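Everything below concerns the one structure shown next.
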Number of protein chains: 2
Amino acid sequence: MGRVKLQIKRIENNTNRQVTYSKRRNGLMKKAFEISVLCEVDVGLLMFSPSGRVSVFAGNNKR
Amino acid sequence: MGRVKLQIKRIENNTNRQVTYSKRRNGLMKKAFEISVLCEVDVGLLMFSPSGRVSVFAGNNKR
DNA sequence: CAAACTATCTATAACGC
DNA sequence: TGCGTTATAGATAGTTT
């Protein structure tokens with residue numbers, strides 16, 4: 001997506017890599033939430049950022 | 001996406017819910033892979049389908 | 001610097017075989 | 001039932017504020 005097609009390889013620029021991480025992390029969490037609701041499945045998603053922060057999403061159909 | 005705007009709620013039709021699960025599961029795994037490479041982060045993704053099957057993605061930047 | 005914008009790319013809902 | 005196509009909604013790379 002975006003203005004240009006992006007090659008799937010490590011983003012060398014530190015700032016840009018961090019910005020992209022923030023954006024895509026949000027998108028990935030949203031997608032995980034959506035599939036858990038739409039399809040009534042249990043989903044667990046874990047991301048460990050280079051800075052040591054962890055993002056977690058857990059969606060389950062029992063709620 | 002798709003032909004119509006989709007409400008984020010359980011898909012009632014069993015067949016359609018299964019089809020949507022297959023498609024979105026693939027999309028979600030791909031996204032997880034991409035963020036792990038682009039941003040050099042460790043990512044774990046787990047999905048438990050209603051039929052009992054489990055899908056796992058694990059991407060880490062040590063490889 | 002981070003938040004918002006927007007042009008463009010990608011994912012996917014409905015459809016067709 | 002499953003796989004490929006098409007039209008469109010959604011995500012996002014680069015830009016602007």
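A quick note: this is a predicted structure, and the numbers were derived from the prediction, not measured.
- A heavy atom closer than 4.0 Å to some atom of DNA chain C occurs in B:Val4, B:Leu6, these being the qualifying members of residues 4-12 of chain B.
- Residues A:Ile8 and B:Phe33 are in side-chain contact: their nearest non-hydrogen atoms beyond the backbone lie under 4.5 Å apart.
- For the OP1/OP2 pair of C:dA13 and a distance below 4.0 Å, the side-chain nitrogens and oxygens of B:Arg24 include at least one atom meeting the criterion.
- Separating the CG atom of A:Leu38 from the C1' atom of C:dT12 is a distance of 11 Å, rounded to the nearest angstrom.
- Within the 4.0 angstrom heavy-atom criterion, no nucleotide atom of any strand lies near A:Thr15.
- With contacts defined as side-chain heavy-atom distances shorter than 4.5 Å, the pair A:Leu46/B:Val43 does not qualify.
- Contact of A:Lys30 with D:dG10 (side chain to base): no donor-acceptor pair of N or O atoms is detected under 3.5 Å.
- Considering all non-hydrogen atoms of both residues, A:Cys39 and B:Thr20 come closest at SG-CG2, 3.9 Å.
- You'll find the side chain of B:Leu45 stays beyond 4.5 Å of the side chain of B:Val56, heavy atoms only.
- Axis angle, first five pairs versus last five pairs of the helix from C:dA2-D:dT17 to C:dC17-D:dG2: 20°, rounded to 10°.
- Whole-Å rounding puts the A:Ile35 CD1 to C:dT12 C1' distance at 12 Å.
- Looking only at side-chain heavy atoms (C-beta outward), B:Phe48 and B:Val54 come within less than 4.5 Å of each other.
- Rounded to a whole Å, the CG atom of B:Asn26 is 14 Å from the P atom of D:dG2.
- We find that CG of A:Asn13 is positioned 10 Å from P of D:dG14, with the value rounded to whole Å.
- Side-chain atoms of A:Arg3 lie closest to C:dA7 of the nucleotides D:dT6, C:dA7, D:dA11.
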**Prompt:** Where do B:Leu38 and A:Lys9 land on the side chain to side chain contact (heavy atoms under 4.5 Å, CB included) test, with the steps shown first?
**Reply:** CA-CA 5 Å; B:Leu38 288 169; A:Lys9 53 175 266 188; 5.9 Å; no
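- Distance NZ (B:Lys23) to C1' (D:dT1): 13 Å, rounded to an integer number of Å.
- With contacts defined as side-chain heavy-atom distances shorter than 4.5 Å, the pair B:Phe57/B:Met47 does not qualify.
- Here D:dA9 presents its P atom at 12 Å from CE of B:Met1, a figure rounded to the nearest Å.
- Side chains of A:Tyr21 and A:Ser55 form a contact here, defined as non-hydrogen atoms less than 4.5 Å apart.
- A straight line from CD of B:Gln18 to P of D:dC3 spans 12 Å, rounded to a whole angstrom.
- Going from atom CG of B:Leu28 over to atom P of D:dA11 covers 12 Å, rounded to whole Å.
- B:Arg17 is not listed as a side-chain neighbour of B:Glu12, based on a closest heavy-atom distance of 4.5 Å or more.
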